[in-house]
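Chain letters run A, B, ... following the sequence lines, proteins first, then strands; residues in each count from 1.
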Protein chains: 2
Amino acid sequence: MKIDPNHLHILSAIIDAGGLSEGAHAVNKSQPSVSRTIATLEARLGFRLFEKGKRPLRPTEPCLLLAEQGRAIAQASERAAQAAIQYSGGKSGTARIAGTPIFMDGVIANMLASFQGAFPQVTIHQSYGYLDDLSAQLDAGSIDLAICPVRPDAVQDNMAFKPLLRGRNVIACAPTHPLARRSAFKLEDIAAYPWIAPPAGSPLYADLRGALATIGISDFRVSFTGGSLASILSIMAGSDSLTVLPYSVVFMQNHTKLVTALPVKLEHPERALGLVWRADRPMRPAVKRFRRYLEAEFQGLANRIEQKGRRAVWRS
Amino acid sequence: MKIDPNHLHILSAIIDAGGLSEGAHAVNKSQPSVSRTIATLEARLGFRLFEKGKRPLRPTEPCLLLAEQGRAIAQASERAAQAAIQYSGGKSGTARIAGTPIFMDGVIANMLASFQGAFPQVTIHQSYGYLDDLSAQLDAGSIDLAICPVRPDAVQDNMAFKPLLRGRNVIACAPTHPLARRSAFKLEDIAAYPWIAPPAGSPLYADLRGALATIGISDFRVSFTGGSLASILSIMAGSDSLTVLPYSVVFMQNHTKLVTALPVKLEHPERALGLVWRADRPMRPAVKRFRRYLEAEFQGLANRIEQKGRRAVWRS
DNA sequence: AATTTTCATAACATCAAGTTATATTAAATA
DNA sequence: TATTTAATATAACTTGATGTTATGAAAATT
């Protein structure tokens, strides 16, 4: 014997609503419709579901057992609908994101935390990589979204790119650094200090070399290389080392009082930190929501940077 | 949004069976049928349930959530089917029975216990009453089955009657009673002992008077009246009292060694212990099953009584 | 590259289930 | 007890979902 789940659902609705007409209304059907549903159900089961000839419809014993299951079915159905809505709205699901380590640790991590607070049902898979690697992963479909500095003209054909923040590097050091405490200094003074270099393959490393060249420093001493943002900050805090970091990273770390930027203007390639994804594939709702969230956060960040920038003087 | 429970069930079947065709087979449908079901479901939900263009069908994230609910639905549906089968087979449900107190306590109670052992899901509501009362309750529909001694010609038109045991009353006493220990005694000896009388309104009380008259005793001393079988047995065990009981009751109490029957043949109205129910109403499966059970039990009891009867000598 | 397996689509048939209109009937009321 | 009222059952019809078979298309596999 197999019983149509819909029938059980209707049955439970009748019981719970306390009448055939009320039950019919509860499931958005006409009274004759549910009346016949009950009739056919009774015929199949071989026993009555409601006592014969009783006007306030009186359920029989087995009817109540079946209605119980009907309620379970209605509940499951409702849960499913909710799950579908949650997913469609990007409030549940998975987003796989990856980006350059310094940005991910220095800027995105904060936003990620607040996103998870707002949408706890969304699972975020985060990983690290540089542009080429990220592109390959996007192509392979193993990540949904890449976050990295890109020259807009370097974006692949099948990729969409959404710039979030103008790229700008600065010379960073501990707030306790001798240069940071001097109101003014000559560019030559910089040469006296050791450097922390980003990982050798990273764009930031190339930026470091290029930037120092533009301010006339070609020969510099590297005291540390290859670490993550956390280690760079630690080392900087305990030494007089200098390094090159994106300004947004320094800005976001402002509250930690671990790092500050020297008022020196650096030249470097025209890149923008932005989001990259495959334009030819539909984006899952959770990814879409995360993307929108990041865009909004970066808009706020850009504004705050802008405000602060108006009060600072940068020497070139 | 509302999702058809059947669709969710089909979805879960596909997931669990590991393929569209297998899933279709699992729900007794053709492959194209479930294929289209999935297609329409996807269209309604607005997202894919299976990754596009992957041949070993790969479920998407929300698909698994929905399938979960589908399983719950399948389970509820199955439970409902089981409940229906249980009920139809009389293995669950309720039977409301009533009968004369002495019989209920002395004979039926035992059978009831074994029935409940065999069919624990059947709820038995037991109550007491004499024929008129029982008939009224049957008519009112407050009981399903009456068990009492009836003169077959006294059965109402709308009632069915199934005799279970020929009625036969005996004089009962404790096994330690002086008369019980004597191999022979005169009927006049009986007159010397006090009597325990059944409740005044009961047929048994009328039987007691009638029976004693037939053996020449018209004047007898009643030492106790009005109790239940348990109290009658207790009093008899602790005294030299006599009483009149149906032989089946004495027989069933045999193992307790609390009561025995004197070998005296009593005359009384031609009644049979039997089942009475309303012939014009369908009998619920659980009641039907209980009725059949009782009939079988009484068949066995009748045989045992018959066997023992062949070895006994009764004086009239 | 050929084959196999698996899923999607087309075209059609059928039946379950929806509808409105109306008849019945149990309960309430006069 | 007759009448009224409200609730359910039935009738007649329409529609849409779902079933079918036959067949096409596309991954995976060999």
Side-chain angles (χ1 to χ4, degrees), chain A residues 1-45 47-60 63 67 70 73-74 77 140-141 280-281, chain B residues 1-45 47-60 63 67 70 73-74 77 80 139-141 280-281:
Chain A
M1 180 179 331
K2 77 179 187 17
I3 308 178
D4 190 326
N6 280 311
H7 291 181
L8 293 173
H9 176 200
I10 291 172
L11 184 63
S12 72
I14 293 171
I15 301 286
D16 294 344
L20 226 166
S21 317
E22 295 89 331
H25 185 255
V27 294
N28 273 316
K29 298 193 196 306
S30 65
Q31 172 266 317
S33 181
V34 305
S35 175
R36 191 179 45 185
T37 296
I38 295 301
T40 64
L41 193 49
E42 282 180 335
R44 280 184 204 167
L45 291 169
F47 53 79
R48 300 198 71 89
L49 291 167
F50 296 95
E51 311 262 352
K52 194 185 66 176
K54 284 287 183 295
R55 224 2 106 77
L57 227 50
R58 184 186 309 165
T60 62
C63 178
I73 286 166
S77 204
D280 54 349
R281 284 193 199 151
Chain B
M1 179 179 331
K2 77 180 187 15
I3 308 178
D4 190 327
N6 280 313
H7 292 180
L8 293 172
H9 175 198
I10 291 172
L11 185 63
S12 73
I14 292 171
I15 302 285
D16 294 343
L20 228 167
S21 317
E22 295 88 332
H25 184 256
V27 293
N28 273 317
K29 298 193 195 307
S30 66
Q31 172 265 317
S33 181
V34 304
S35 175
R36 191 179 42 190
T37 297
I38 295 301
T40 63
L41 193 50
E42 282 181 336
R44 279 183 204 169
L45 291 169
F47 52 80
R48 301 197 71 89
L49 291 167
F50 296 94
E51 311 262 351
K52 193 185 69 177
K54 283 285 182 296
R55 231 354 109 77
L57 228 49
R58 184 187 308 164
T60 63
C63 178
I73 286 165
S77 203
D139 269 328
D280 54 349
R281 284 192 198 154

Heavy atom of residues 11-22 of chain A under 4.0 Å from DNA chain C: which residues? none
To the nearest Å, give me how far apart [atom1] ([X]) and [atom2] ([N]) are.
{"X": "A/R58", "N": "C/dA26", "atom1": "CZ", "atom2": "C1'", "result": "12 Å"}
{"X": "A/K2", "N": "D/dG19", "atom1": "NZ", "atom2": "C1'", "result": "12 Å"}
{"X": "B/E51", "N": "D/dA28", "atom1": "CD", "atom2": "C1'", "result": "17 Å"}
{"X": "B/L57", "N": "C/dT5", "atom1": "CG", "atom2": "P", "result": "17 Å"}
{"X": "A/E42", "N": "D/dT8", "atom1": "CD", "atom2": "C1'", "result": "12 Å"}
{"X": "A/K52", "N": "C/dA26", "atom1": "NZ", "atom2": "P", "result": "9 Å"}

Can you see which heavy atom on A/P5 is nearest to which on B/N6, and at what distance? CD-OD1, 3.3 Å
Divergence of helical axes at both termini of the helix from C/dA1-D/dT30 to C/dA30-D/dT1 - five pairs an end, 10° steps: 40°
Partners passing side chain to side chain contact (heavy atoms under 4.5 Å, CB included) against A/K52 (at least two apart in sequence or in another chain): A/R48
Check side chain to side chain contact (heavy atoms under 4.5 Å, CB included) between B/P32 and all other residues, then give those that pass, not counting sequence neighbours. B/S30
Give every donor-acceptor pair under 3.5 Å between a side-chain atom in residues 7-29 of chain B and any protein atom, sequence neighbours left out.
| residue | atom | partner | partner atom | Å |
| --- | --- | --- | --- | --- |
| B/S12 | OG | B/H9 | O | 2.8 |
| B/D16 | OD1 | B/R71 | NH1 | 2.4 |
| B/D16 | OD2 | B/R71 | NH1 | 3.2 |

Treating B/R281 as the side-chain partner and B/D139 as the backbone partner, does any N or O pair qualify as donor plus acceptor under 3.5 Å? yes
Test your reading of the model: is there a side-chain donor-acceptor pair from A/T60 to the backbone of A/E51, 3.5 Å cut-off? no
For A/D280, what residues pass the side chain to side chain donor-acceptor pair (under 3.5 Å) criterion, not counting sequence neighbours? A/R278
Taking distance alone, no hydrogens or angles, what donor-acceptor pairs closer than 3.5 Å link side-chain atoms of residues 37-44 of chain B to residues at least two apart or in another chain?
| residue | atom | partner | partner atom | Å |
| --- | --- | --- | --- | --- |
| B/T37 | OG1 | B/S33 | O | 3.0 |
| B/T40 | OG1 | B/R36 | O | 3.4 |
| B/T40 | OG1 | B/T37 | O | 2.9 |
| B/E42 | OE2 | B/L49 | N | 2.7 |
| B/E42 | OE2 | B/F50 | N | 3.3 |

Heavy atoms under 4.0 Å is the rule here; annotate nucleotides 11-23 of chain C 5' to 3' with B where the base is hit, S where only the sugar-phosphate is, and - elsewhere. ------BBBBB--
Would you tabulate the nitrogen or oxygen pairs shorter than 3.5 Å linking the protein to nucleotides 24-27 of chain D?
| residue | atom | partner | partner atom | Å |
| --- | --- | --- | --- | --- |
| D/dA26 | N3 | B/R55 | NH1 | 3.0 |

